[in-house]
Visitor: 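Mind looking over this structure? Questions follow.
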Amino acid sequence: MLDRAKFLGHPIHPMFVVFPLGLLATSLAFDIAYFSSNDVSFGIVSFWMIAAGVVGAIVAAIFGLVDYLGIQSGTRAKAIGTWHGIGNAVVTVLFIISWFMRLSEPANLPSAGAFTLSVIGVLLALITAWLGGELVDRLGVGVDEGANLNAPSSLSGRPARG
């Protein structure tokens, strides 16, 4: 099943998911560094990483929804895609709440509650990332029909199979 949203022959959604996954997970690492060192710069960096990660999540979700709408109803892929999307929406909301909780803190530092939401968000993101991998690696969503080790470049305009 091919992705509907493409750029230069490649699916757009996987291009964007790396940003929220990386930024949001790394924001948690900076929170841990803040709590370990009490250096406020770590907390401030985490605050802005969450902001950028949430924006990235929204952009990735738009293209993910376009692809999701192209999955045939009644399939395991549609069910997995539903859980993947809902889970990622929850992750995004958890980080939005965590970010807003930091607004009331001096220098936007994480409270215990904001930190806890980030931990839950990262743990849930690990599950939803696995679901995304299941869609691609096991169910073939987004994989060109006929993909093979000698397929021509996606820029060639030729199909993957011979």
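Predicted model, so just to flag it, every value in this text is computed and none were measured.
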Visitor: Under the ring-ring contact (aromatic ring centres under 6.0 Å, His included) definition, can you give me all pairs with a residue in residues 90-110, not counting sequence neighbours?
Guide: Phe47-Trp99
Visitor: Measure the spacing between CE of Met49 and CD1 of Ile44 and express it to the nearest 0.5 Å.
Guide: 14.0 Å
Visitor: Is it the case that the side chain of His13 and the backbone of Ala60 share a donor-acceptor pair, with hydrogens and angles ignored and the cut-off at 3.5 Å?
Guide: yes
Visitor: Enumerate, atom names and distances included, each donor-acceptor pair closer than 3.5 Å involving a side-chain atom of residues 115-126, sequence neighbours excluded.
Guide:
from   : atom 1 : to     : atom 2 : distance (Å)
Thr116 : OG1    : Ala112 : O      : 2.8
Ser118 : OG     : Ser98  : OG     : 3.1
Ser118 : OG     : Arg102 : NH2    : 3.2
Ser118 : OG     : Ala114 : O      : 3.3

Visitor: Taking all heavy atoms of Gly142 and all of Pro11, pick out the closest pair and write down the distance.
Guide: O-CG, 3.9 Å
Visitor: Heavy atoms only: give me the nearest Pro20-Gly53 pair and the separation to one decimal.
Guide: CB-O, 3.3 Å
Visitor: With a sphere of 6.0 Å drawn around CZ of Phe19, does it hold more than 12 non-hydrogen atoms of other residues, nucleotides or ligands?
Guide: no
Visitor: So does Ile32 get a backbone contact from the side chain of Ser36, meaning a donor-acceptor N/O pair under 3.5 Å?
Guide: yes
Visitor: Please check if the side chain of Lys78 supplies one atom and the backbone of Ile71 the other of a donor-acceptor pair under 3.5 Å.
Guide: yes
Visitor: Could you tell me which non-hydrogen atom of Ser156 sits nearest to which non-hydrogen atom of Pro152, and how far apart they are?
Guide: OG-CB, 3.7 Å
Visitor: Consider only side-chain heavy atoms of I, L, V, M, F, W and Y, link residues closer than 4.5 Å, and tell whether Ile97 and Phe30 are in one cluster.
Guide: yes
Visitor: Measure the CG-CG distance between Asn88 and Leu131 for me, rounded to the nearest 0.5 Å.
Guide: 8.5 Å
Visitor: Under the ring-ring contact (aromatic ring centres under 6.0 Å, His included) rule, what pairs show up with a residue in residues 48-75, not counting sequence neighbours?
Guide: Phe16-Phe63
Visitor: When clusters are formed by joining ILVMFWY residues with side-chain heavy atoms under 4.5 Å apart, either directly or through shared neighbours, do Val17 and Trp83 land in the same one?
Guide: no
Visitor: Atom CG of Leu135 and atom CG of Asp67: how far apart are they, to the nearest 0.5 Å?
Guide: 10.0 Å
Visitor: What is the distance from atom CE of Met101 to atom CG of Leu109, rounded to the nearest 0.5 Å?
Guide: 13.5 Å
Visitor: Say whether Leu21 and Val55 are linked into one hydrophobic cluster, either directly or through other cluster members, by side-chain heavy-atom distances under 4.5 angstrom.
Guide: no
Visitor: Which atom names give the shortest non-hydrogen contact between Val143 and Val136, and what distance separates them?
Guide: CG2-O, 3.8 Å
Visitor: State, with a plain yes or no, whether a side-chain heavy atom of Ile50 is found less than 4.5 Å away from one of Leu23.
Guide: no
Visitor: Mind checking what makes side-chain hydrogen bond (donor to acceptor under 3.5 Å, both in side chains) contact with Tyr34, not counting sequence neighbours?
Guide: none
Visitor: Mind jotting down which residue pairs meet the side chain to side chain donor-acceptor pair (under 3.5 Å) criterion with at least one end in residues 17-30? Sequence neighbours excluded, please.
Guide: none
Visitor: Applying ring-ring contact (aromatic ring centres under 6.0 Å, His included) as the test, list every pair that has at least one member in residues 118-159; sequence neighbours left out.
Guide: none
Visitor: Please tell me whether Val54 and Val93 are part of a single hydrophobic cluster in this structure, the criterion being side-chain heavy atoms less than 4.5 Å apart.
Guide: yes
